[in-house]
Amino acid sequence: MSEKSKQESEQVKLDNPLARILGIETSCDETAAAVVENGRIILSNAVASQSDLHAEYGGVFPEVASRQHILSIYPIVDQALKEAHLKLADLDGIAVTRGPGLPGSLVVGINMAKGLVIGSGLALLGINHLEGHLYSAWLGEEGAAPGQAPEFPLLALIVSGGHTELVLMKDHLVYERLGGTLDDAAGEAFDKTARLLGLGYPGGPEIQKAAEEGNPMAFDFPRSWLEDSYDFSFSGLKTAVLRTVQQLEKQKSRLPVADLAASFQESVVDVLYTKTIKAAAEYETKDILVAGGVSANQALRKKFKALRKYRVHIPPLSLCTDNAAMIAAAGCFRFHAGQRDDLEMDAAPTWSISDL
Ligand code: KG4
Ligand code: ZN
């Protein structure tokens, strides 16, 4: 077969990745398992969230997270298979998050996947968590048909609790990282600011709720543009909110939490949106993809969805925060690209998307 027709047949396989994959995700504070068919259809999607457990610490406590994953992993995998009405023998492979994430949490999912692979002979696929977030945009909600698949090249913004990344996705599984945060991730900024304002954890949904009653123009918080780069920085914004809160407290004023939350959110959304649009224009993409926990934010979704010049892909709300369906989806595409990992596969806690 000529090189060109080989490439074309690879492309057909990736556009139509016929496979049933079990996904397992334990990189942070959700223990999750899901079965996905053909990279796009969710047959089951089980998640056990630990966020109530971590709320009292105001963030994820790694030791508590890994112990909870150990308790939840077997029942969650069992639930995912039962809800899909499938046995391991009906599947093609097992995809598991290898990284980035908390080492003690990642190994729980990886060991579960290895055990299942040893027992079943299925293919083992180690998946990058950020790639998983990208592939969440290929999925339809459970029980629903997926929408139009994103087309390449596309500009992707991944915004989560641990990451803020701008990525040019040139084709299936082919990435160029354009920039990322130099300090706090977008979700981390939401979580830290929520704590500062006396709101609960996780901070993103709390800030969003408080902001609904507030004026986004009430405080002129800084935007860190870092000219000519696609990097981000949110630590200056966090400090500006802290200073404002301290000043108001000194004046014994009642904290205008809604206005502070709305103005903070406006600043984050403005920077994320503006930089993404700039990159999409520079790289001449027609498609924009926004994924990760912060893509659940209504202000961010509204701003991107209003774009007429681009096809905008944002996963359904249930697939924005960590889940295993996105890992299984990425696993389908990797399975068809020929990836097979062996039992030596180790966790990769700092795995960058640039290394894919
Ligand atoms: O993707 P994710 O579940 O986990 C990581 O991979 O980090 O993202 C979690 C992050 C948290 O920081 C949370 O506060 C944020 O996503 N988040 C939101 C919203 N829902 C979740 N941030 C802003 N607005 C939301 N509605
Ligand atoms: Zn995530």
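All ligand and atom numbering here is 1-based and tracks the order in the structure.
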**Asked** Mind checking whether the Zn ion (ligand 2) has an N, O or S of His129 under 2.8 Å?
**Response** yes
**Message:** Would you say the rings of Phe190 and Phe264 are close, in the sense that their centroids are separated by under 6.0 Å?
**Reply:** yes
**Prompt:** Mind checking whether Gly187 has an N or O less than 3.5 Å away from an N or O of ligand 1?
**Reply:** yes
**Prompt:** Is the closest heavy atom of Glu206 to ligand 1 under 4.0 Å?
**Reply:** no
**Asked** Taking the six-membered ring of Phe335 as reference, does the NZ or CZ atom of Arg340 fall below 6.0 Å from its centre and within a 45° cone about the axis?
**Response** yes
**Prompt:** Would Cys28 count as a contact for the Zn ion (ligand 2), in the sense that one of its N, O or S atoms lies under 2.8 Å from it?
**Reply:** no
**Heavy-atom nearest neighbour in the protein, as seen from atom 21 (C) of ligand 1, with distance rounded to 0.1 Å** = Gly293 O, 3.4 Å
**Request:** Could you tell me which atoms of ligand 1, counted from 1 in the order shown, lie closer than 4.0 angstrom to a heavy atom of Gly162?
**Result:** 7 (O)
**Message:** Can you confirm, on distance only, whether ligand 1 has an N/O atom lying under 3.5 Å from any N/O atom belonging to His133?
**Reply:** yes
**Item:** Close approach, Cys28 and ligand 1, non-hydrogen under 4.0 angstrom
**Value:** no
**Message:** As an exercise, identify every atom of ligand 1 less than 4.0 angstrom from a heavy atom of His129.
**Reply:** 6 (O)
**Prompt:** So among Asn38, Leu14, Asp92, Ile21, which one has a side-chain contact (heavy atoms from CB on, under 4.5 Å) with Cys332?
**Reply:** Ile21
**Prompt:** In the protein, which heavy atom is nearest to atom 22 (N) of ligand 1, and how far is it?
**Reply:** Gly204 CA, 3.3 Å
**Message:** Using a 3.5 Å cut-off on N or O atoms only, is Pro202 in polar contact with ligand 1?
**Reply:** no
**Message:** For Thr276, run the side-chain contact (heavy atoms from CB on, under 4.5 Å) check against Leu178, Leu157, Val159 and tell me which one passes.
**Reply:** Leu157
**Asked** atom 26 (N) of ligand 1: which protein heavy atom is closest, and how many Å away?
**Response** Gln208 OE1, 2.8 Å
**Message:** Measuring from atom 12 (O) of ligand 1, which candidate in Thr193, Asp191, Ile158 has the nearest non-hydrogen atom?
**Reply:** Asp191
**Request:** Salt-bridge test for Lys286 and Glu151: reply yes if a basic N is under 4.0 Å from a carboxylate O, no otherwise.
**Result:** no
**Prompt:** Do Tyr230 and Glu282 have a side chain donor and acceptor closer than 3.5 Å?
**Reply:** yes
**Message:** Using a 4.0 Å cutoff against the non-hydrogen atoms of Ser160, which atoms of ligand 1 qualify?
**Reply:** 1 (O), 5 (C), 6 (O), 7 (O), 8 (O)
**Asked** What is the closest protein heavy atom to atom 10 (C) of ligand 1, and at what distance does it sit?
**Response** Gly161 N, 3.4 Å
